[in-house]
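What follows is a single structure, written as structure tokens, with notes after it.
Numbering starts at 1 and runs along the sequence shown.
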Amino acid sequence: MSENQIITADINSPEYTEALTLHQQIIINGTIAANALYEMCRCLKQMRDDKLYTALGYDDFGTYCEEKANIKARQAYSYIKTYEDLGKDFLQSNANLGITKLELLTHVNPLDRAEFMENTDVGEMSVSELKAEIDRLQRENGEKGEQISFLQSTVEEKEGKLSSAEGRIKNLEQELDKLDTEYSDACDTNNIATNEINNLKKELEELRNRPAEVAVAEPDPEDINKRVSEALAQNDKKHKKEVKALEAKIKEYESSAANIKDGYEKKLQALSEKLDSEKTAADDRIKVLEEQIKTAGEAEAALIKFKIYFKEVQEALKKFVGVLGRIDDEEKRNKFRSVAEKYIGMMLEELIGEDKSNDR
């Protein structure tokens, strides 16, 4: 029906009212269908990406599609790929083409897609015709890509040759600079050599013109040998004298060491004999005291023991004072004296305490 016929139609007739209502429903449902296709693609992608199908009790997305959504898993992936590759606007604008044609359009290069849609009546083509046209376009693009790759390779090859040539030129320039430096060094060396030659020639000429000098007599070999022999004899004599002096010194040290050793051994023997004597005397005294303690009463035994201990303390103190006086380090000597004084003070305090206890 043409626009003129619509305009001249009887707008009051029941047919017009029914047609207008049906037309509005077609437009509305078409928009709903476009939005429904887009939303279905988007929801399937979210369900897969976020793995929300596990909340419904399914381990994988494919099983969820087959058993829960009643969609073939392959078809669901086609919906998702179409959504990802074409985008919302393209999907909603071309929802009437159907998911099969839309999925085929994802194989068209995004840069060529707008031109392809403008020059191709996709809606009037069958699915097989659209696939064939897309295959042809891909072949053309492939050939163009090969040509571009070939051109890029050629350009890269020429750039590589140019870079190689530039590198060669740079190397030649470096070699030229090196040769120039070597040439300059050679010139300097040549100048130095020339100056040396000139100086030598001048010195030779001076020698030629110099008066003849008086010849000096060569030394007599016998005289030299005689002097050498005399020097060796003197050194040998001096060496023997030094050896004898050292041997005498060694004997002197050995004799001195022997005397010192004998002196220490005698002192050690005397000390040992003294200790043995003192030990024997002490043993005898101990035996006598033990006999006295056995036969004495308790008080008398305590007195005997006191005398023994007191004598030991006296002797020990005498030895302590004698040893203390022989300490050369004044600081250490004072330190030991201070310790002894404290100890003796403690003993005095105990004695005083014992006396007070007995008084009570």
Only distances under 3.5 Å count here; give the side-chain donor-acceptor pairs of residues 73-87 to other protein atoms, sequence neighbours excluded, each with its distance to 0.1 Å.
from  : atom 1 : to    : atom 2 : distance (Å)
Ser78 : OG     : Arg74 : O      : 3.1
Lys81 : NZ     : Asp85 : OD2    : 2.8
Thr82 : OG1    : Ser78 : O      : 2.7
Glu84 : OE2    : Lys45 : NZ     : 2.9
Glu84 : OE2    : Arg48 : NH2    : 3.1

Taking 4.0 angstrom as the limit, do Asp135 and Lys131 come out as a salt bridge?
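Yes, charged N to carboxylate O under 4.0 Å.
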With a 4.0 Å cut-off on N to O distance, would you call Glu39 and Arg42 a salt bridge?
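Yes, charged N to carboxylate O under 4.0 Å.
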Non-hydrogen atoms of Leu105 and Arg113 that approach each other most closely
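Residues Leu105 and Arg113, closest heavy atoms: O-NE, 3.3 Å.
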Return yes when atom [atom1] of [X] has more than 12 non-hydrogen atoms of other residues, nucleotides or ligands closer than 6.0 Å, and no otherwise.
| X | atom1 | value |
| --- | --- | --- |
| Glu265 | CD | yes |
| Asp59 | CG | no |
| Glu230 | CD | yes |

Just wondering, do [Y] and [X] contact through their side chains at under 4.5 Å, heavy atoms?
| X | Y | answer |
| --- | --- | --- |
| Arg326 | Val323 | yes |
| Lys101 | Val122 | yes |
| Glu133 | Glu129 | no |
| Leu37 | Leu102 | yes |
| Leu104 | Val127 | yes |

For the atom pair [atom1] ([X]) and [atom2] ([Y]), what is the distance rounded to the nearest 0.5 Å?
| X | Y | atom1 | atom2 | answer |
| --- | --- | --- | --- | --- |
| Glu315 | Lys318 | CD | NZ | 7.5 Å |
| Tyr64 | Leu52 | OH | CG | 9.5 Å |
| Arg139 | Ile134 | CZ | CD1 | 12.0 Å |
| Cys65 | Asn70 | SG | CG | 10.0 Å |
| Asn94 | Asp89 | CG | CG | 10.5 Å |
| Met347 | Ile352 | CE | CD1 | 12.0 Å |

Who passes side chain to side chain contact (heavy atoms under 4.5 Å, CB included) against Arg337, sequence neighbours left out?
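Only Leu324, Arg333, Asn334, Glu341 meet the side chain to side chain contact (heavy atoms under 4.5 Å, CB included) criterion with Arg337.
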The criterion is side chain to side chain contact (heavy atoms under 4.5 Å, CB included); which residues satisfy it with Thr63, sequence neighbours excluded?
Tyr58, Asp60, Glu67
Decide yes or no on salt bridge (Lys or Arg N to Asp or Glu O under 4.0 Å) for Arg136 and Glu140, but give the supporting numbers first.
CA-CA 6 Å; Arg136 182 190 64 77; Glu140 289 181 357; 2.4 Å; yes
For Met117, is there any backbone N or O sitting under 3.5 Å from a side-chain donor or acceptor partner on Thr120?
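No, Thr120 side chain to Met117 backbone: no donor-acceptor pair under 3.5 Å.
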Would you please name every residue forming a side-chain hydrogen bond (donor to acceptor under 3.5 Å, both in side chains) with [X], sequence neighbours left out?
| X | answer |
| --- | --- |
| Glu124 | none |
| Lys51 | none |
| Glu273 | Gln269 |

Pair Asn109-Asn141, side-chain donor/acceptor within less than 3.5 Å:
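Side chains of Asn109 and Asn141: no pair found under 3.5 Å.
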Apply side-chain contact (heavy atoms from CB on, under 4.5 Å) to Ile71 and Met40, showing your working.
CA-CA 11 Å; Ile71 303 173; Met40 185 175 184; 3.2 Å; yes
